[in-house]
Each structure stands twice: as structure tokens, then as C-alpha cells.
Amino acid sequence: MTTATRRESASRIVEAHEPLAARIARAAAQANDFSPAVADKVKLCLLDLVGCACEARELPWSRQAAALAERAADPARGATLIGTPVAVTSDSAAFANAVMGHGLVREDMHAGSVSHLGIVVLPALMALAQYRPVRGRDFIAAAMVGYETGGQLGRALMEPDIARIHRPTGLTGPVGAAAAAARLLGLGVEQATSAVALGANLTLGLNQWAHTGGSEMFFHAGFAARNALAAARLAEAGAFASPSALDGEAGLFAAFRKRSAAAAGGLFRGEPEILSVYHKPVPACNFAQTACQAALAIARDARPAPENIAAIEIRVPLAGARYPGCDYSGPFAHVLQAKMSIQYNVAAALIAGGVSEGNFTLLKDARLHRLIALTTLQVDEAMSAAYPASQGGEVAVTDSAGAVHRVRLADVVNAAAADVRARFRAAGAALFGAARAGEIEAGIDALERCEDVGRLVALTGGRR
């Protein structure tokens with residue numbers, strides 16, 4: 001055995017006995033290099049977050065979150081609330097920007113962890129970038145760490161029975177964003193370990209909202225971003241938290257009786273998790289995306305008249321059928337119930353021939369309820385086996401003449417980078433004006449060369 005091999009072996013033995021929070025902190029501190037693909041993905045995720053927040057700014061939950069924001073004591077050192085010229089405290093900005101980024105239910109998605117990591121990680125980092133000067137390269141590296149931590153945690157922890165009760169983003173977000181914030185603050189391994197451990201203590205979110213259409217779903221993201229910021233800054237101030245808060249006998253994994261799953265936890269052992277993130281093409285639940293796209297293909301190619309449809313069959317993976325609110329046929333008292341329902345989204349797509357926010361004005365539409373009554377939703381074994389690497393969906397529409405129109409998709413079709421840019425430009429121009437929106441987009445595109453990300457974030461504050 002060579003000296004190098006012995007050192008590698010010894011390092012692995014030490015790592016295997018190190019608490020998971022410490023392993024995360026150590027890997028995060030060493031995450032200095034990233035590929036052009038990672039940089040491009042961080043920039044696209046940031047552009048999409050700002051665009052979604054612009055569109056969602058006037059929705060009830062966005063206004064409610066903004067109403068809680070506290071003005072900064074020193075406006076010159078305050079943080080930016082997207083679309084608002086008033087400087088607020090860092091924790092207020094993290095909270096409200098996260099809620100707004102989640103407001104359309106069209107945020108970026110990491111299927112392996114069943115989580116929306118960007119709406120937690122990015123608002124926390126944006127707030128920190130105005131807390132002290134931050135270079136663009138450090139912002140990208142920190143975002144990469146946040147997505148990696150949340151993604152790996154969710155892959156190890158999440159399963160349908162857990163996700164039926166506990167909000168995945170509420171579990172993965174605070175830990176991932178705390179690791180990202182620790183990396184951006186340049187904390188040492190011991191301090192960063194405490195930040196991650198505090199993040200584990202601040203996980204939250206119950207999925208009862210999916211049964212009632214409650215708006216607490218949106219606030220989960222805000223709580224997670226604000227808590228992650230607090231975790232990192234407490235650690236920076238010297239707070240000590242249990243290094244075994246994730247994998248100890250009374251830690252996060254033990255709480256879900258999955259302690260053994262934490263043993264193999266680590267970061268950057270394969271392709272960075274952020275590269276498996278996709279951008280939703282449809283402003284609805286992740287698990288409604290693929291079936292909705294299949295329905296759109298039928299509406300486009302076969303053009304069945306809604307009144308001539310005799311039956312609809314939908315096939316999805318087990319994870320989709322079991323996620324709260326996804327297998328739901330109504331009644332629809334709240335928009336969020338419709339955004340979660342696979343049946344609603346398929347029926348609305350067949351009626352409208354497209355998918356936009358306008359689809360969610362059909363809550364009481366008799367045509368929609370007729371189609372839902374004709375719909376069956378089934379679990380597909382092959383799709384279940386392929387998930388989460390692939391998220392399949394199938395829709396079969398039988399018309400009154402007995403003809404069957406069937407479309408089966410092996411995976412969700414992501415919104416392309418051009419689509420993300422187009423919707424940012426439209427939303428940004430409407431809120432900021434075309435010139436300011438162009439300046440924000442150009443600044444994000446040049447993020448790795450930026451010397452002060454705080455100035456870029458300030459551009460999202462709206463017209464003054």
C-alpha cells in the first residue's frame with residue numbers, strides 16, 4: 001500500500017466516524033471550484049427566483065409576508081425586498097423573498113429530495129450578500145453547497161410515508177441553506193458544523209395544507225430561509241450546537257427512524273445535485289407536471305372537444321399518487337387545492353389547451369368538474385421503479401366515438417433556459433421597466449465576475 005493510499009484510507013476512516021454535520025461542513029469549506037455548467041445553473045435558478053417573485057408579488061401570501069417585514073434601522077445597510085424600494089432587515093428579506101419566490105408554485109424542483117431548494121437557499125444568500133460584501137464566485141459556490149446539502153439530505157431521508165405528513169422543503173431547506181450561508185460567511189469547520197446542526201433543529205412544515213388548500217405551504221419556505229440565516233449567524237457569533245444533530249440517537253434521522261440512512265451521507269460524491277434541478281413549465285405541483293404535459297400533447301394533436309370526452313385515465317408514479325393533495329378530485333375551495341391536484345391540472349389543460357395562471361380560474365367550471373368525474377388515476381409500476389431518476393406520466397382520453405388518444409412521457413419536460421429567460425423578461429419589464437430588467441439579467445449572467453453581489457441584489461428592489 002502506497003503512502004498516498006494509506007492517507008486516503010485513514011481519511012475515509014476518520015470521515016466515517018465524523019458526525020454528518022461535520023462532514024457536510026468540511027466538504028462545504030472545500031467547495032471552491034465549480035464547473036461552467038454549475039455556474040450557469042445557479043444563474044438560471046437565481047433569474048427564475050427573481051422572475052417568480054416579480055409575478056407573485058401581489059398575491060395574498062406575498063403581501064402578507066411583506067407586511068411582516070421590518071424596516072432596517074440603517075437603510076444604507078438594509079436588505080432588499082424584491083419589487084419594493086424600502087430597505088428591510090436581513091431576516092425579513094430572506095423570509096418575504098422566499099415566500100414570493102414560492103408564490104406561483106412554479107419554482108425550481110429537485111425531484112430526488114422532493115424539495116424546492118432554490119426558494120430557501122437563494123433568498124438566504126441574497127440577504128447575506130447585503131450583510132457584508134460578497135463576490136459572485138463565492139455566491140455561486142455557496143449556492144452549490146446549499147443545493148448539494150439539501151439534495152443529499154432529501155435523497156437519504158425522503159420517502160412517500162414521510163412526505164405525506166412532513167413538508168420535504170421544510171426539512172431539507174433549513175439545513176441546506178444553513179450550510180450555504182456558512183460557506184458564504186467563510187465560517188470555519190467547527191462554526192459551520194454548528195450552523196448545519198442548528199439548521200437541523202429548525203426544520204419544520206406539515207403537509208395538512210394540501211388537504212385544505214391552506215397557504216402555510218408558502219410560508220414554509222420563508223420560515224426555512226429565515227431560520228437558516230439565524231443558524232449561520234448564531235454559529236458565527238459563537239453558538240455551539242450538537243455536531244450529531246443530524247445522525248445522533250436523538251437527531252433528525254432518528255426522528256424519522258432512518259438513522260442508518262445517515263451513515264453514508266456526504267457531499268459531492270457524484271454530479272453536483274444542482275445539475276439535477278429542473279425548472280417547472282407549469283405553475284402547479286411537481287407531481288402534476290408530466291401528466292399535465294401529456295394532456296397538453298393530446299389537446300394539441302387530437303383536439304378532443306371537452307363535451308365529447310367520455311373517459312380519462314391518468315397513470316403516475318407511486319410518489320405522485322401518494323403526495324398529499326395530488327390525488328384529489330375536489331371540491332376546490334382554494335386555488336392551491338387545484339394547483340396540487342393531478343386530476344384538476346389534466347382536465348384544465350384539456351379544456352384550455354394550455355397551462356397558465358388562467359387555468360386556476362376554473363374552480364367552479366361545470367366542464368372541468370364533468371371531466372374530473374370521468375377521470376381515474378392509477379399508479380404505474382414502471383414509473384414508480386424509475387422515480388426519482390425519471391418522473392413519468394401518461395394520459396389516455398377516450399372520446400364519445402370510442403377512439404383512445406394516449407400519450408405516455410418517460411420524464412417531465414423541463415422549462416428550457418430560453419423559457420425561464422422569457423418569463424423573467426416579461427415579469428421584470430412589467431415591474432421594473434425593460435431597462436432595469438435588462439440590467440438585472442445582465443448582472444446575473446456575469447455573476448462569476450461580480451465583485452459585490454449586494455449591488456446586484458439591490459437592483460431587484462423596484463423603482464425608487
Anything under 3.5 Å between a donor and an acceptor, one on a side chain of residues 239-253, the other on a protein residue two or more places apart or in another chain? List them.
unit_1: Asp247; atom_1: OD2; unit_2: Leu20; atom_2: N; d: 2.8

Show me the side-chain donor-acceptor pairs of residues 413-422 shorter than 3.5 Å, one per line, residues at least two apart or across chains.
unit_1: Asp419; atom_1: OD2; unit_2: Ala416; atom_2: N; d: 2.9
unit_1: Arg421; atom_1: NH1; unit_2: Glu441; atom_2: OE2; d: 2.6
unit_1: Arg421; atom_1: NH1; unit_2: Asp445; atom_2: OD1; d: 3.3
unit_1: Arg421; atom_1: NH1; unit_2: Asp445; atom_2: OD2; d: 3.2
unit_1: Arg421; atom_1: NH2; unit_2: Asp445; atom_2: OD1; d: 2.7

Using atom types as modelled, flag every donor-acceptor pair under 3.5 Å from a side chain in residues 225-233 to any protein atom, sequence neighbours excluded.
unit_1: Asn227; atom_1: ND2; unit_2: Phe223; atom_2: O; d: 3.2

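Between Ala111 and Tyr387, the shortest heavy-atom contact is O-OH, 3.2 Å. The two residues Ala56 and Ser62 have their closest heavy-atom pair at O-OG, 2.6 Å. Of all heavy-atom pairs spanning Leu171 and Thr203, the tightest one is O-CG2, 3.2 Å. Heavy atoms only, all atoms of each residue included: Ala141 and Ala31 are closest at CB-O, 3.6 Å. The two atoms that bring Gln343 and Ile314 nearest to each other are CA-CD1, 4.2 Å, heavy atoms only.
Residues passing the side chain to side chain donor-acceptor pair (under 3.5 Å) test with Asp91 are Thr89, sequence neighbours excluded. With sequence neighbours left out, the side chain to side chain donor-acceptor pair (under 3.5 Å) criterion links Glu236 to Tyr131, Arg132. Legend: residues meeting side chain to side chain donor-acceptor pair (under 3.5 Å) with Thr172, ordered by chain and number and at least two apart, are Ser115. For the side-chain contact (heavy atoms from CB on, under 4.5 Å) test, residues two or more places apart in sequence or in another chain that qualify with Arg63 are Glu58, Pro60. Remark: Lys364 pairs with no residue by the side chain to side chain donor-acceptor pair (under 3.5 Å) rule, at least two apart or across chains.
A heavy-atom distance below 4.5 Å is not found between the side chains of Ile342 and Asp327. Side-chain atoms of Lys43 and Glu448, non-hydrogen and from C-beta on, do get closer than 4.5 Å to each other. Residues Phe332 and Ser329 form no side-chain contact, since every pair of their non-hydrogen atoms from C-beta on lies 4.5 Å or further apart. For the pair Thr193/Pro19, no side-chain contact is recorded, criterion being any heavy-atom separation below 4.5 Å from C-beta on. Within the 4.5 Å cutoff, side-chain heavy atoms of His116 are placed close to those of Met109. Contact check for Phe219 versus Gln64: side-chain heavy atoms found under the 4.5 Å cut-off. Counting heavy atoms from C-beta on, the side chains of Val316 and Thr290 never come closer than 4.5 Å. Put simply, the side chain of Met126 does not reach to within 4.5 Å of the side chain of Thr80, judged on heavy atoms.
Using cut-offs of 30° and 60° for the angle between ring planes, the Phe256 and His166 rings count as perpendicular.
Residue pairs meeting the side-chain hydrogen bond (donor to acceptor under 3.5 Å, both in side chains) criterion with at least one partner in residues 181-191, sequence neighbours excluded, are Asn32-Arg183. Applying the side-chain hydrogen bond (donor to acceptor under 3.5 Å, both in side chains) rule to pairs touching residues 312-326 yields Asp161-Arg322, Asn207-Tyr323, Arg315-Gln378, Arg315-Asp380, sequence neighbours excluded. Identified under the side-chain hydrogen bond (donor to acceptor under 3.5 Å, both in side chains) test for residues 279-289, with sequence neighbours left out: Asp48-His279, Glu107-Lys280, Tyr278-Asn286, Asn286-Gln391. Applying the side-chain hydrogen bond (donor to acceptor under 3.5 Å, both in side chains) rule to pairs touching residues 346-360 yields Lys339-Glu357, sequence neighbours excluded.
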request  = Please assess Glu55 against Arg106 for the test salt bridge (Lys or Arg N to Asp or Glu O under 4.0 Å), listing each intermediate value before the final yes or no.
outcome  = CA-CA 10 Å; Glu55 286 190 59; Arg106 201 192 64 198; 3.1 Å; yes
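In this structure, CD1 on Ile312 lies 11.5 Å from CG on Leu377, to the nearest 0.5 angstrom. Rounded to the nearest 0.5 Å, atoms OH (Tyr147) and CG (Leu267) are 15.5 Å apart. Interatomic distance, CD1 of Ile82 versus CG of Asn97, reported as 4.0 Å (0.5 Å rounding). Rounding to the nearest 0.5 Å gives a distance of 9.5 Å between CD1 of Ile309 and OG1 of Thr398. Arg167 CZ to Met217 CE: the interatomic distance, rounded to the nearest 0.5 Å, is 5.5 Å. To the nearest 0.5 angstrom, Leu275 atom CG is 9.5 Å from His110 atom NE2.
Remark: the backbone N or O of Val457 is paired with a side-chain donor or acceptor of Thr460 at under 3.5 angstrom. In terms of modelled atom types and a separation under 3.5 Å, the side chain of Ser341 and the main chain of Ala338 share no donor-acceptor contact. In this structure, Arg423 contributes its side chain and Gly51 its backbone to no donor-acceptor pair below 3.5 Å. In terms of modelled atom types and a separation under 3.5 Å, the side chain of Asp108 and the main chain of Leu49 share no donor-acceptor contact. With Glu148 contributing its side chain and Glu273 its backbone, the two residues share a donor-acceptor pair below 3.5 Å.
Environment of CZ in Arg408: crowded, with over 12 heavy atoms of neighbouring residues, nucleotides or ligands closer than 6.0 Å. Under a cut-off of 6.0 angstrom, the local environment of CG in Asp33 is sparse, with at most 12 non-hydrogen atoms contributed by other residues, nucleotides or ligands.
A salt bridge between Glu159 and Lys258 is present, with a side-chain N of the basic residue lying under 4.0 Å from a carboxylate O of the acidic one.
Looking at Ser276 and Glu271, their side chains never bring a donor and an acceptor atom within 3.5 Å of each other.
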